[in-house]
Structures are given as structure tokens and as C-alpha cells.
There are 2 protein chains.
Amino acid sequence: MLSHKAKYALKALLYLAEQEEGHISKTIEIADGANIPKKFLEQILLDLKRGRFVSSKQGKFGGYYLIKSKNDITLAEIHRLFDGAIALLPCASLNFYERCLDCKTEEECSLRHGLMIIRDETLKAMQNITIASLIKK
Amino acid sequence: MLSHKAKYALKALLYLAEQEEGHISKTIEIADGANIPKKFLEQILLDLKRGRFVSSKQGKFGGYYLIKSKNDITLAEIHRLFDGAIALLPCASLNFYERCLDCKTEEECSLRHGLMIIRDETLKAMQNITIASLIKK
DNA sequence: TATAAAATCTATCAATTTGGTAGGGTTTTA
DNA sequence: TAAAACCCTACCAAATTGATAGATTTTATA
């Protein structure tokens, strides 16, 4: 399941993608428009900024705007930024790999192979869902 | 990600599936064989029993055994029993459906449609991973 | 240059979940 | 009749989640 943070991030990106080119959105606008607690959204936007999905302008008339095309922001990336691994176990993960401590040897891990298949299929599906694809209903 | 409970459940089922037909396995055997904390495994086996994946025989020389074919136990079922919904949001879930409270109307929920696509693909993949498929490496 | 508006930074917090452990009680059967 | 298993209830510490609060910095413009 997606955390609230990841869900809010997607909704915020969606909101930004729906604004006209060059428009800068204040946090409060996004919060009201997408129904997200404002203070919580602040943190999320900073995370999105660190992830280079959005950029910001400080001071009066400042705000946030997309710096990545809505066609290039995928569900997979947002999942990884906020919720981490897409695989079902760390030992089957590409980006968040860790050994399973309860498996004596890596080869012996009976689950790993099957879970890598799931990971590949889920990842492929998640890479196909973009902010742009979510807009056109 | 899978919880430890779900992971241990899969490993326990795998252990049982690898025993010869008619064999009954004691908790301690499974715990040692699959490297699972024994007391924790007890609870998991009870859950698996309630879920009608295994049955048990009490008393001396008692233990657990599969009552469902290893070809018919899927990752999807185990995920749902221990970790709940497969969908990324409750509003996109088949078996654990709940409305998103932060969406004014259901149709308005911009994420729902995309997440239902992911759910369908993930579910299909998870239904293809069975205990039997995990055994043949 | 003062000031208002906005992002940014740093803490804190309560509630829930997770990953167990402890310690029995109950039932079966050699 | 005692051993060996299942079964049950409660508890616990640590981590995570979903926020909130308040102070600080930056910037446009009157």
C-alpha cells in the first residue's frame, strides 16, 4: 500500500501538471486544490524538490512548479522516493537491496527468484503510469 | 513490502510442501528447517490453519500438514491473509475496498483508475506464483 | 528600506504497527 | 499418566506514520 505521503505527492504533482505552463503554485493553493494538510504538504514538496521533480521560488509570489515533464514522472519513481523498494523483499530489490538475514545462503533463498519476477512485472506496470497518464481519465 | 509474518508463512508452506506426502511436521522442525522464531511461527501456523491452507494433528507425534495443493496456494492469497490489500490504495482494492476520505467524489479521485491498472497486473502476476512454482528453482 | 508573503528548517508528538517474547492452559496419545 | 504437541492471551520495545508548531530565511515591491 502507498503511504499518505506518496499519495499526497502524486496528487500534488497532478495539481501542478494541470496548471498552465510557467505558472507558480503556492503551497496553500496546492493544499486546498488537492485536499492535503498544508503543513504536511510542505514537507512533501521539499522531498519532491530534493528528488528534482519540482523546483521552487522563495519569497513573495514564490511557490512551486514542475521541472520534469509530466510524461516522465512515473509512479515507480514516486513510490521509491517516498515508500522505498518496489520489490516484496529487500533481497529481491534493485534499488534497495539487502541480504535476507534468515537465509543461510543467497542461492538457498527460496523466495527470491519468484519475488524478482513479481518485481519486474510490477515495476514495468508502474513505469507505465505517469502523471500525464493519470490526467487523461 | 512483505511483512516478516507473510515471508515466514511462505517459507513454512514451502517447507511443508517439500515433505513427502502424508508426513506431519512439528512446529519445531519447521522453525529449525526454515529458520523462523518458534513462538512466532506458532501464531503464523494458526493463521494458516484458519485460512485453510494447513491442518494440524494434536498430541504426541502431532504437527502440521498442507491441506491445499501446492499448485493452488498463490502468493496473492498469502499476501491478502497476512498483509491485506494488494492494491496501492484502499479505493482501488477488490477485497479491502474503502473510500478515500480526501477525495470529494469517487469519480474525482485522479489516482484510482491508474492504481486499478496496477492492481490488476500485480494480482495477475501474484496469482502465477505458487508454492509449487517456488520449489522448482 | 521596511514589510508582508512565501519557502524552509527543526522539533516534537500521539497513535499505530511490527516483530516478536512469556507463560501458561488444553488436548491427545504412546 | 506424563510427554508432547497444539492453542491462547497478554504484554512489550522499537520503529514508523501522519501529522502539528514555531522560528528563520528569502524575496518582491510599496
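Below, chains carry the letters A, B, ... as their sequence lines are ordered, and counting in each starts from 1.
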Asks: Could you check whether any side-chain N or O of His79(A) sits under 3.5 Å from a backbone N or O of Gly84(A), counting only pairs where one atom can act as donor and the other as acceptor?
Replies: yes
Asks: Please enumerate all protein N or O atoms sitting under 3.5 Å from an N or O of nucleotides 26-30 of chain C, with distances to 0.1 Å.
Replies:
from    : atom 1 : to       : atom 2 : distance (Å)
dT27(C) : O4'    : Gln58(B) : NE2    : 3.4

Asks: What are the bounds, 5' to 3', of the part of DNA chain D that sits under 4.0 Å from heavy atoms of chain B?
Replies: dA4(D) to dC8(D)
Asks: Could you tell me whether the side chain of Ile86(A) reaches within less than 4.5 Å of the side chain of Asn95(A), counting heavy atoms only?
Replies: no
Asks: Could you identify which residues cluster with Phe61(A), counting Ile, Leu, Val, Met, Phe, Trp and Tyr as linked when any side-chain heavy atoms lie under 4.5 Å apart, either directly or through a chain of such contacts?
Replies: none
Asks: Judged by atom type as modelled, is there a donor-acceptor pair below 3.5 Å linking the side chain of Thr122(A) to the main-chain atoms of Ile118(A)?
Replies: yes
Asks: Side chains of Pro90(A) and Met1(B): closer than 4.5 Å at any heavy-atom pair?
Replies: yes
Asks: Need to verify one output field. Residue with the more 5' nearest nucleotide on DNA chain C, Asp83(B) or Pro37(B)?
Replies: Asp83(B)
Asks: Tell me: CD1 of Ile44(B) to C1' of dG20(C), nearest whole Å?
Replies: 10 Å
Asks: Rounded to the nearest 0.5 Å, how far does OG of Ser3(B) lie from CG of Leu88(A)?
Replies: 10.5 Å
Asks: Using a 3.5 Å cut-off and no angle test, enumerate the donor-acceptor pairs between side-chain atoms of residues 63-78 of chain A and protein atoms at least two apart in sequence or in another chain.
Replies:
from     : atom 1 : to       : atom 2 : distance (Å)
Lys68(A) : NZ     : Glu77(A) : OE2    : 2.8
Ser69(A) : OG     : Asn71(A) : N      : 3.0
Ser69(A) : OG     : Asn71(A) : ND2    : 3.4
Thr74(A) : OG1    : Ala76(A) : N      : 3.4
Thr74(A) : OG1    : Glu77(A) : N      : 3.2
Glu77(A) : OE1    : Thr74(A) : N      : 3.0

Asks: Could you pull out every donor-acceptor pair under 3.5 Å between side chains of residues 15-42 of chain A and any protein atom, sequence neighbours left out?
Replies:
from     : atom 1 : to        : atom 2 : distance (Å)
Gln19(A) : NE2    : Tyr15(A)  : O      : 2.9
Asn35(A) : ND2    : Asp102(B) : O      : 3.2

Asks: Nearest whole Å is fine: how far is dG23(C) C1' from Lys39(B) NZ?
Replies: 7 Å
Asks: What's the CD-P distance between Gln43(B) and dT21(C), to the nearest Å?
Replies: 10 Å
Asks: Would you indicate whether the side-chain heavy atoms of Lys5(A) and Gln43(A) approach each other to under 4.5 Å?
Replies: yes
Asks: How would you list, by chain and number, every residue that makes a salt bridge (charged side-chain N to carboxylate O under 4.0 Å, His left out) with Arg50(B), sequence neighbours excluded?
Replies: Asp47(B)
Asks: List in chain and number order the residues that pass salt bridge (charged side-chain N to carboxylate O under 4.0 Å, His left out) with Lys49(A), two or more places apart in sequence or in another chain; answer none if no residue qualifies.
Replies: none
Asks: Can you find a heavy atom in the side chain of Val54(A) that is under 4.5 Å from one in the side chain of Leu13(A)?
Replies: yes
Asks: What does the inter-axis angle of the helix from dT1(C)-dA30(D) to dA30(C)-dT1(D) come out as, five pairs per end, nearest 10 degrees?
Replies: 10°
Asks: For a quick check of understanding: with a heavy-atom distance under 4.0 Å over all strands, which category does Lys26(A) fall into, base, sugar-phosphate or nothing?
Replies: sugar-phosphate
Asks: Who pairs with Phe96(B) by side chain to side chain contact (heavy atoms under 4.5 Å, CB included), at least two apart in sequence or on another chain?
Replies: Arg80(B), Ala85(B), Ser93(B)
Asks: Can you name the residues that form a side chain to side chain contact (heavy atoms under 4.5 Å, CB included) with Arg119(B), not counting sequence neighbours?
Replies: Ala87(B), Leu94(B), Met116(B)
Asks: Looking at DNA chain D, which of residues 46-54 of chain A put a heavy atom within less than 4.0 Å of it?
Replies: none
Asks: Give the residues of residues 1-11 of chain A touching DNA chain D, defined as any heavy atom closer than 4.0 Å, sorted by residue number.
Replies: Ser3(A), His4(A), Tyr8(A)
Asks: When rounded to the nearest 0.5 angstrom, what is the spacing between CG in Leu89(B) and CG in Leu2(A)?
Replies: 5.0 Å
